Number of protein chains: 2
Amino acid sequence: MLDKIVKRSQGYQPKQTLFTISDKFSTLYVVRSGSFKTTISASNGREQVTGFYFPGEFIGLEALHMPSYQSTAVALEASSVCALPYKKVQALGESMPRLQSQLLTRLSKELAGDKTFMLLLGKKTSEEKLATYLLSLSKRFEHRGFSAKEFSLTMSRSDIANHLGLAVETISRVFTKFQENGLIVIDGKTITLANINKIQALCG
Amino acid sequence: MLDKIVKRSQGYQPKQTLFTISDKFSTLYVVRSGSFKTTISASNGREQVTGFYFPGEFIGLEALHMPSYQSTAVALEASSVCALPYKKVQALGESMPRLQSQLLTRLSKELAGDKTFMLLLGKKTSEEKLATYLLSLSKRFEHRGFSAKEFSLTMSRSDIANHLGLAVETISRVFTKFQENGLIVIDGKTITLANINKIQALCG
DNA sequence: CGCAACCTTGAGACAGTTCAAAGCTAGTGG
DNA sequence: CCACTAGCTTTGAACTGTCTCAAGGTTGCG
């Protein structure tokens, strides 16, 4: 269905920018391969990682009907995307309510996810935060047909820490503790969830 | 436009529930008068206030195309809403792309707001949090044609604290400090922003 | 008017931060 | 193919913003 409006499928290098807050909004992106992070920043330079995006997921939904993007999106590794020029999506949507409906579904799911994430940021301890985060990644990968137990952490410790509202050092310590307790095994960028039940129990 | 699908306009008492997480999703609500809060809760009983809603604002958007609501909505004062049965919204949307477009806009704005809120929860100090919150309320009221400087805090200190990821005691202390520094004046439930520039400067 | 819920203030405790330094890893060019 | 460097990660130790606990004030409803 979307084939008709995919403008191009483009490659990105690690740290390459997909769009910036100051860019005019024109295009929705769907991750084809690799992974991305989105960030927003406060006036004083502090940054918040607002999300990570994997194959099949939409980037830029929060900018729909806005003059410009509301965040900055950056590739975490060698990645590629499908670009959906929004004008075409909209034009096609007029005759295909299903398409708009698809978008509504994606948006409301991301919204629901963000509300859940507020609970994490506002109420959880560092261990609960990391446990919840790892499990959420696991479920997303599983949903897309990948292993729920073993996957690659393409984002840096610092990105994870920032996203979860913690200092890098804290994340590092919790990773170490989880490993000592046999919950996970880390080998380079690859993490294995050795005891998903125990991780689940730690989520709070 | 929406007149055709408004099912009823109903009144709610303080603390009365609009919907619960366990309720089947069927209806979108638009606040007509008063105010509401939405919350989600963790398995262990901890709760997070995910948002406050004032006249003209939609409640329940994150449940679109979901089997059930994703949060609980409760009236903060005597309030009323317009109920939009989603089936009718959807049916009408087929022939009126504008309507779906309206929904997309609302959703993406709420999404953008939530991303900004992550920055607050993850990176700001207690003073920055409260300053940002007060200013955000001020802008929302101004946008709807009410005073930007003086309005009623219909939610409890405890709701504010919870929403901002702080303890009630901390919020109380910051309110006191802001008052001592001449930033605000509080009289019962009414707050006056005495020095918006200074508050703005504190937002971080 | 009296009770229950809410708000404020104080003092001590602690989770997570900051600062500092050493270990590791991956990418680059000779 | 190895040596070198820059950036990332880990670990330790001291510090601090916010929380928790406790108690006294205030508000508003019935």
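These numbers come from a predicted model, not from an experiment. Naming: A, B, ... by sequence-line order, numbering from 1 per chain. Values reported hereafter were calculated over all heavy atoms of this structure, with side chains retained and with hydrogens, waters and symmetry mates removed.
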Side chain of A/Thr170 only, please: which of D/dT9, C/dC7, C/dG16 is the nearest? C/dG16
Just checking B/Leu166: base, sugar-phosphate only, or nothing, at a heavy-atom cut-off of under 4.0 Å? sugar-phosphate
With heavy atoms under 4.0 Å as the rule, sort B/Ser156 into base, sugar-phosphate or nothing. sugar-phosphate
Nearest heavy atoms of A/Phe58 and A/Leu84, plus distance in Å: CE2-CD1, 3.9 Å
Taking only the side-chain heavy atoms of B/Arg157 (C-beta and beyond), determine which of D/dC19, D/dT10, C/dC7 contains the nearest atom. C/dC7
Base of D/dG12, side chain of A/Arg173 - is there a donor-acceptor contact under 3.5 Å? yes
Is B/Glu169 side chain donor-acceptor paired with the D/dC21 base, going by distance under 3.5 Å alone? yes
For B/Ile59 versus B/Leu28, what's the shortest heavy-atom pair and its separation? O-CD2, 3.9 Å
Could you check whether A/His65 and A/Phe25 have their ring centres less than 6.0 Å apart? no
Nearest-neighbour nucleotide for the B/Ser172 side chain, D/dT18, D/dT10, C/dC7 considered: C/dC7
Figure out the NZ/P separation between B/Lys177 and C/dT8, and round it to whole Å. 16 Å
May I ask you to say what B/Lys15 touches in the nucleic acid, namely base, sugar-phosphate or nothing, with a heavy-atom cut-off under 4.0 Å? sugar-phosphate
